[in-house]
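Here is the structure we will look at.
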Amino acid sequence: MKNIAIVYWSGTGNTKIMAESIKEGAGDSAKLFAAEEFSADMIDDFDAVALGCPSMGAEELESDVFRPLWEELVPKLSGKSVALFGSYGWGDGEWMRLWEEEANEAGIELAHPALIVHETPDQEGMDECRSLGESLSF
Ligand SMILES: Cc1cc2nc3c(=O)[nH]c(=O)nc-3n(C[C@H](O)[C@H](O)[C@H](O)COP(=O)(O)O)c2cc1C
């Protein structure tokens, strides 16, 4: 069985709901962490990681906690199953395209297409999150 970490930053709870739904799909052994609770040295214990951050700034990752964590994780993610997710508001998902590009340029192979949800996930959005969690567990 894979050890799965779900690590998210969420200001108003939307990305947190996504993370919780991903955990439901990923199974009991998956562990959920707010970004503040996770550090790059903890990644060695996991085979798969779902990273979640909403669109903040101007189509950017949250800059105080999540971006520094992401930058520390990047060199440690090769060989792991990685998935990206997050919620957005008034944009068109550009922050996620930029984030995926950054991951690709760093040689990180994404195990699942990035999952974005507009504001608070509805039933369909939560189902998509559960599927993402399931796919990480194989
Ligand atoms: C400071 C700030 C900046 C934001 N910038 C963007 C943005 O550039 N593009 C966008 O689509 N939404 C933007 N949003 C909207 C959030 O991405 C959206 O409300 C999202 O659902 C928040 O997720 P959360 O509840 O997990 O924090 C911004 C929100 C805040 C508070």
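Computation of the quantities below employed the complete heavy-atom set of this structure, encompassing side-chain atoms and omitting hydrogens, waters and symmetry-equivalent molecules. One-based numbering, in listed order, for ligands and for the atoms of each. Quick caveat: nothing in here was measured; it's all calculated off a predicted structure.
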Pair Arg97 + Asp92, salt bridge at N-O below 4.0 Å: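 Counted as a salt bridge, because a side-chain N and a carboxylate O are separated by less than 4.0 Å.
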
salt_bridge(Glu71, Arg67) N-O dist < 4.0 Å: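 Yes, charged N to carboxylate O under 4.0 Å.
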
Enumerated ligand 1 atoms positioned under 4.0 Å from heavy atoms of [X]:
{"X": "Gly13", "result": "24 (P), 25 (O)"}
{"X": "Thr12", "result": "22 (C), 24 (P), 25 (O), 27 (O)"}
{"X": "Ser10", "result": "24 (P), 25 (O), 26 (O), 27 (O)"}

How far is [atom] from the closest protein heavy atom, and which atom is that?
{"atom": "atom 8 (O) of ligand 1", "answer": "Glu59 N, 2.8 Å"}
{"atom": "atom 21 (O) of ligand 1", "answer": "Ser87 OG, 2.6 Å"}
{"atom": "atom 7 (C) of ligand 1", "answer": "Ser55 OG, 3.1 Å"}
{"atom": "atom 11 (O) of ligand 1", "answer": "Gly91 N, 2.7 Å"}
{"atom": "atom 27 (O) of ligand 1", "answer": "Gly11 N, 2.7 Å"}
{"atom": "atom 6 (C) of ligand 1", "answer": "Trp90 CZ2, 3.2 Å"}
{"atom": "atom 31 (C) of ligand 1", "answer": "Met56 CE, 3.8 Å"}
{"atom": "atom 12 (N) of ligand 1", "answer": "Gly89 N, 3.0 Å"}

Are the side chain of [X] and the backbone of [Y] linked by a donor-acceptor contact shorter than 3.5 Å?
{"X": "Glu134", "Y": "Leu136", "value": "no"}
{"X": "His118", "Y": "Gly89", "value": "yes"}
{"X": "Glu24", "Y": "Gly27", "value": "no"}

For ligand 1, the portion of Ala58 having any non-hydrogen atom under 4.0 Å away: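 Backbone only.
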
Within-cut-off N or O pair, Lys16 and ligand 1, under 3.5 Å: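 There is no such contact.
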
Sub-3.5 Å N/O-N/O distance, Thr15 and ligand 1: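 There is such a contact, yes.
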
Worked check of ring-ring contact (aromatic ring centres under 6.0 Å, His included) between Trp9 and Phe38: CA-CA 10 Å; Trp9 184 93; Phe38 201 79; over 10 Å; no

Trp95 and Tyr88 aromatic ring geometry - parallel, tilted or perpendicular at 30°/60° bounds: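 It falls in the tilted class, 30° to 60°.
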
Ring-ring centroid check Trp99 Phe85, cutoff 6.0 Å: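 Ring centres of Phe85 and Trp99 not closer than 6.0 Å.
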
Residues, nucleotides or ligands: over 12 heavy atoms within 6.0 Å of Asp45 CG: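 Yes.
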
